[in-house]
Every structure is written in structure tokens, then in C-alpha cells.
Number of protein chains: 2
Amino acid sequence: MAFEKQEIGDAVSYCGDALEVLEQLAAGAIDALIVDPPYSSGGMYRGDRMQSTGAKYVQTGTQVVRPDFAGDNRDQRAYGYWCALWLSAALKKARPGAPLCMFTDWRQLPVTTDILQAGGWMWRGVVPWDKTGAVRPALGRFASQCEYVVWGSAGPMSQDRAVGCLPGFYTYRVETKKEHITQKPVNLLLDLVKICPPGGVVADVFMGAGTTGVAAIKSGRKFIGVEIEPRYFDIACRRIENTVRQPDMLPPCEGEQATVLEAAANG
Amino acid sequence: MAFEKQEIGDAVSYCGDALEVLEQLAAGAIDALIVDPPYSSGGMYRGDRMQSTGAKYVQTGTQVVRPDFAGDNRDQRAYGYWCALWLSAALKKARPGAPLCMFTDWRQLPVTTDILQAGGWMWRGVVPWDKTGAVRPALGRFASQCEYVVWGSAGPMSQDRAVGCLPGFYTYRVETKKEHITQKPVNLLLDLVKICPPGGVVADVFMGAGTTGVAAIKSGRKFIGVEIEPRYFDIACRRIENTVRQPDMLPPCEGEQATVLEAAANG
DNA sequence: AGACTAGGTGAATCGAATT
DNA sequence: GAATTCGATTCACCTAGTC
């Protein structure tokens with residue numbers, strides 16, 4: 001099968017189905033998988049979830065029209081089976097010990113930890129992300145102001161490529177200008193990509209607006225991206241291209257060397 | 001069956017098994033259930049989890065000797081069945097709509113949301129608690145610096161007794177002087193008891209060192225507590241007694257009236 | 001300073017089953 | 001019976017922010 005493929009700097013992006021693209025990658029191609037799959041959340045009842053994403057995630061006030069996104073209307077069991085499929089496919093293309101980060105909300109959190117393990121990955125923890133501003137308070141209840149990164153690894157993780165310790169909690173305000181309704185802050189992803197050894201390949205098979213790619217490239221890592229919806233694919237490619245063009249590269253993180261992986265390969 | 005029973009101010013404490021004490025309470029006796037059950041966590045492998053709590057939750061350096069606590073060495077399935085039992089028993093003694101808060105760690109979080117529902121409660125969300133300082137960093141990993149409050153209610157929650165909106169995330173440093181290895185900060189519990197209408201009855205059937213009771217009494221609520229381990233029962237009673245004695249009662253929270261429940265009962 | 005952290009890794013060791 | 005393998009268990013050591 002052939003997909004539209006865009007190579008921009010150290011980023012390779014495919015417009016196609018996650019599962020199908022994953023099956024065409026080389027084994028060991030992925031040093032870290034960071035994904036934000038459609039949560040299939042957003043309603044207590046099946047009928048609520050089956051709406052188009054535009055109707056489901058309503059924005060009050062100014063109406064910003066965005067294309068609907070695909071894969072967000074499965075019920076919870078179908079969602080689980082589908083995730084297990086692409087997670088399993090991704091595992092086969094991941095370097096042994098490669099880390100996996102997967103966004104989810106509170107409602108899908110337990111399913112997510114299950115399907116991560118069903119897909120063959122080793123579950124290692126949960127990292128909350130405090131969205132602060134984006135809270136819808138409810139009288140007499142706790143606000144749901146956090147989303148979650150469920151993380152794990154492709155089997156045992158050795159510490160030999162590690163360059164430091166990462167926090168277990170992040171606070172970043174949701175960006176006001178978004179091109180995708182579930183778009184994550186670049187700064188959040190800039191922190192998360194540190195789980196990938198410097199110079200390694202970060203993969204995201206549900207790119208959306210491409211924030212993971214932006215963060216990977218900006219931090220001197222390589223990137224493989226997949227997005228099925230052509231309009232978001234174009235948006236992602238444009239954002240990655242803008243990142244490649246303006247080399248306001250971040251300074252290497254504390255103790256990070258851009259060539260850790262190459263050194264390991266050579267030595 | 002008879003249990004040791006201590007009445008201290010507005011707090012009634014029982015030394016005994018949670019399930020057995022719950023079955024002796026009157027229906028509707030509980031306005032809010034806030035519990036910190038033994039997580040049965042503490043290791044990647046079954047053997048690790050089966051150790052005594054003293055050996056499992058290691059303290060480096062100076063050895064502070066604390067009594068082991070009971071019920072922390074079930075495997076995950078047994079943990080689930082056991083929780084479903086006492087949660088179901090508690091539901092029968094809870095006022096309709098009463099909120100439930102249940103502490104857990106990342107490893108037991110998915111089980112906890114399952115068994116909360118298995119016990120008949122309605123799952124409503126997850127509230128992370130950032131322990132900040134109490135982090136054991138690990139090279140190349142995300143630290144696990146959060147624990148979680150899984151919360152829900154005894155059926156539909158009406159908003160008529162609600163006095164305000166609660167945050168969906170808390171940051172409190174672990175207290176340095178603890179009498180129980182899993183003791184929670186008083187300030188955290190002072191925030192959480194706000195889920196209970198002012199003047200209502202907060203119950204905690206795994207008191208440990210009694211922090212929930214301290215927070216309930218300090219905020220002008222009533223309290224029912226249960227603890228199976230006599231040494232922790234004594235510690236809890238002493239801490240509650242100290243709280244009752246020094247009436248440095250907190251000012252009513254924003255919009256809180258100390259007599260909301262009484263007013264409802266009278267009118 | 002030094003203790004503290006609802007740990008995790010990996011090497012060494014022990015034990016039972018198999019060759 | 002001695003050697004080997006595999007699994008389970010034990011133990012030293014690592015991490016960094018805060019008190």
C-alpha cells in the first residue's frame with residue numbers, strides 16, 4: 001500500500017491509517033512512541049459519543065470551525081480492541097526498552113492502562129497533566145482539570161541511555177490558538193520527548209496538528225508521524241516545516257548529548 | 001459483635017474490621033465516605049507485595065520503627081473482591097447521593113475505579129495529589145510523585161446541598177512527622193472533607209493515624225471512624241482528642257454554613 | 001549536612017527440575 | 001551423581017528535591 005509521504009528535515013510523515021503505516025516500518029525504527037489517540041470519550045452514553053467531533057467538543061462563544069477528526073466514536077470495548085491492535089503493531093517496530101507515552105482522560109484511564117498491557121507493553125506509571133485554565137467547575141464536585149499520560153516500555157528498560165530523571169507531573173495551560181480541538185501545548189511535549197534518548201526517533205501515529213513532531217524536531221530528535229485525515233496531515237506538515245525552518249533549536253537538556261544514540265551505535 | 005468504641009466530641013471511633021462495623025451502622029448514617037485503604041501495592045512482583053509493610057515501604061537511613069499495618073498484602077484480584085465487599089456495605093449506610101473519596105496509587109488506580117463501580121457507587125472522577133518532595137527519582141523515567149483520589153457518589157448527586165466548586169488537583173507536601181507510613185497531610189484532608197456538606201457525617205473505615213477524623217472535626221463536621229490495628233486506633237483517638245480539645249476551629253469555608261444539614265433536617 | 005521518599009535495576013545467590 | 005538451566009529471591013546502589 002502507498003501513502004502520501006512527506007520528508008521534512010528529520011521528520012518523516014505519512015498520511016494514512018496508523019496500523020497500516022506501522023506495518024511498513026522497519027523493526028527497531030522507533031526509539032519512543034508518544035501518542036494522543038482519539039479518546040472516544042466525551043459523553044456518558046453511547047449516543048453522545050457517536051456525534052461528530054465538531055458537535056461533541058463544543059466551544060462556547062466564538063465558533064472556530066475545525067474539521068472533524070476520525071476514530072473518536074467507538075464504544076469503550078471497540079476502542080480497547082482497536083488500541084490493542086495498533087499498540088501491538090507498534091511494539092514490533094519499537095527498539096527493546098523503548099518508552100511509550102499515551103494521552104488519555106480520566107474516563108479512559110483504566111481502559112488505557114489495560115490496553116497498553118494488552119498490546120504487549122509494560123505499564124510503568126501515570127503522569128498527570130494539569131490543564132489549569134481549561135476547567136469547567138461544577139457545584140459540589142471536584143473539577144476535572146487534569147488529563148493523563150499513561151506510560152510504559154517495550155519490555156525491561158535499561159538505564160544505560162538515560163540522561164536524567166523526569167518529573168512525574170506537569171502543569172501547562174492549554175494554548176489559546178489551536179488548530180485541533182485536542183491539541184496539546186508544545187511545552188508539554190517538549191518535556192515529554194525527553195523520555196526519548198537525545199538524537200533518537202520519536203514516533204506519533206495520531207499526529208493531529210503535529211505537536212509531537214514539532215517538539216521532537218525542536219529538541220534535536222528525529223520524528224515519524226502518521227495522520228489519517230488529510231487536512232490535519234497538511235496542518236502538521238506545515239507546523240513541522242516551520243519548526244525545521246527556524247532553527248531556534250533548544251540548547252541540549254542538562255546532560256543531554258545529541259549523539260548518545262550514534263555513540264552507542266558506533267561504540 | 002462488640003467493638004471497642006470511643007466517643008470523642010463529634011467523633012465516634014471503632015476498633016475493628018471495616019466490614020463488620022459497617023454492617024452495624026444505621027442506614028443513612030454516612031454523609032460522605034473518605035477512605036485510604038491499604039493499597040496492596042509496593043512492588044512489581046507478587047513476592048514484593050507479600051512482604052510486611054515495614055519491609056516493603058523501605059526507609060533509607062535512620063530506622064523509624066512503626067507498627068506494620070494490616071490488609072496490605074492481597075494480590076490484585078483479591079484486593080478487588082475485598083474492596084467491593086466493604087464498598088457495597090458502605091453504600092447501604094450512605095445517604096443517597098453521598099460522595100465517596102478513595103485514595104489509591106498509580107498501580108491500583110484502574111482496579112480502584114472498577115471496584116468502586118462494582119461496589120455500586122457511581123464513578124465521577126479522579127483527583128491527583130502531587131506529593132512534590134516525596135519523590136524517589138529514577139534515571140530515565142518519569143517519577144511517580146502523585147497519588148490519586150478516585151471519587152464518586154451513592155447514585156445521582158443533587159446539587160442542593162453543595163456550597164461551592166472544588167479543585168480537581170491538590171499539591172501538598174508529605175508531612176515530615178508521621179505516625180503511619182501512609183499518613184496523609186491534614187491540609188489535604190481539610191480540602192477533601194469539603195465534599196461533605198457542612199455539619200454532615202464523614203466516615204473513614206481505614207482510619208490509620210486518623211487524619212480524616214482530625215480534618216472532619218476541625219472543619220465542624222461529624223466523624224465515624226474504624227481502624228482494625230489497636231496501636232493505630234489509639235494513635236487516631238489521641239489525635240482526634242487533641243483536635244477536639246483545642247478549638248482552633250477553622251472559619252467556615254467560602255459560603256459554608258455550619259448548619260446546612262440541620263437546616264435541611266429541620267425545614 | 002543528612003534524612004527522607006506507598007522504588008526500581010541488575011548482579012549475585014539460592015533451589016528445583018532437567019540433562 | 002554431577003552439571004546445567006531456568007526461575008525466584010535477595011541485596012547493594014542509584015536518583016534529586018526538599019526539609
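Just so it is clear: chains get the letters A, B, ... in the order the sequence lines come, proteins before strands, and each one is counted from 1. None of the values given here were measured: they were computed from a predicted structure.
Remark: P of C/dA6 and CZ of B/Phe103 are 13 Å apart, rounded to the nearest angstrom. Taking atom CG on B/Asp105 and atom P on C/dT5, their separation rounds to 16 Å, with Å as the unit. Atoms NZ (B/Lys56) and P (D/dT10) sit 14 Å apart, rounded to a whole Å. We find that CG of B/Leu188 is positioned 13 Å from P of C/dA6, with the value rounded to whole Å. Rounding to whole angstrom units, NE2 of residue B/His180 and P of C/dT5 are separated by 13 Å. Distance B/Lys178 NZ to C/dA6 P: 5 Å, rounded to the nearest Å. In this structure, CZ of B/Arg66 is placed 10 Å from C1' of C/dC4, rounded to the nearest angstrom. Rounded to whole angstrom, the span from the CZ atom of B/Phe142 across to the P atom of C/dG8 amounts to 15 Å.
Contacts classified as side chain to side chain donor-acceptor pair (under 3.5 Å) and involving residues 78-90 of chain B (residues at least two apart or in different chains) are not found. Pairs passing the salt bridge (Lys or Arg N to Asp or Glu O under 4.0 Å) check and including a residue from residues 81-94 of chain B, sequence neighbours excluded, do not occur.
Take B/Arg173 and apply the salt bridge (Lys or Arg N to Asp or Glu O under 4.0 Å) test, not counting sequence neighbours, and it matches no residue.
Comparing C/dA6 with D/dC13, their P atoms sit 23 Å apart, to the nearest whole Å.
Nearest-nucleotide positions on DNA chain C for B/Lys131 and B/Arg141 put B/Lys131 closer to the 5' end.
B/Leu87 has its side chain within reach of B/Trp121: a pair of non-hydrogen atoms, C-beta onward, lies under 4.5 Å apart. Side chains of B/Phe103 and B/Phe206 form no contact here, defined as non-hydrogen atoms less than 4.5 Å apart. When side chains are defined from C-beta on, B/Asn187 does not count as touching B/Asp191, because their heavy atoms never get closer than 4.5 Å.
At least one test fails for B/Lys131 against the ring of B/Tyr172: distance under 6.0 Å to the centre or angle within 45° of the axis.
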Between protein and nucleic acid, restricted to nucleotides 15-19 of chain D and to nitrogen or oxygen atoms under 3.5 Å apart, what atom pairs and distances do you find?
unit_1 : atom_1 : unit_2   : atom_2 : d
D/dT15 : O2     : B/Pro137 : O      : 2.9
D/dT18 : O3'    : B/Arg173 : NE     : 3.2
D/dT18 : O3'    : B/Arg173 : NH1    : 3.1
D/dT18 : O3'    : B/Arg173 : NH2    : 3.3
D/dC19 : OP1    : B/Arg173 : NE     : 2.6

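Put simply, the side chain of A/Asp31 gets close to the backbone of A/Val201: a donor and an acceptor are under 3.5 Å apart. Using a distance-only test at 3.5 Å, with no hydrogens or angles considered, no donor-acceptor pair links the side chain of A/Arg141 to the main chain of B/Cys165.
We find that B/Arg238 and B/Glu179 are joined by a salt bridge, their nearest charged nitrogen and carboxylate oxygen being less than 4.0 Å apart.
Near DNA chain C, defined here as any heavy-atom distance below 4.0 Å, the residues from residues 72-85 of chain B are B/Asp72, listed numerically.
Residue B/Glu147 holds its CD atom at 5.0 Å from CH2 of B/Trp129, rounded to the nearest 0.5 Å.
Between A/Trp106 and B/Trp123, the distance separating the two ring centers is shorter than 6.0 angstrom.
Using a 4.0 Å heavy-atom distance criterion, B/Gln145 is classed as making no nucleic acid contact. Counting non-hydrogen atoms under 4.0 angstrom, B/Lys177 reaches nothing in the nucleic acid. Counting any heavy atom pair closer than 4.0 Å across all strands shown, A/Pro167 reaches no nucleic acid atom.
DNA chain D contains the following stems of three or more consecutive Watson-Crick or G-U pairs, with both distances under 3.5 Å: C:2-5 with D:16-19, C:7-19 with D:2-14.
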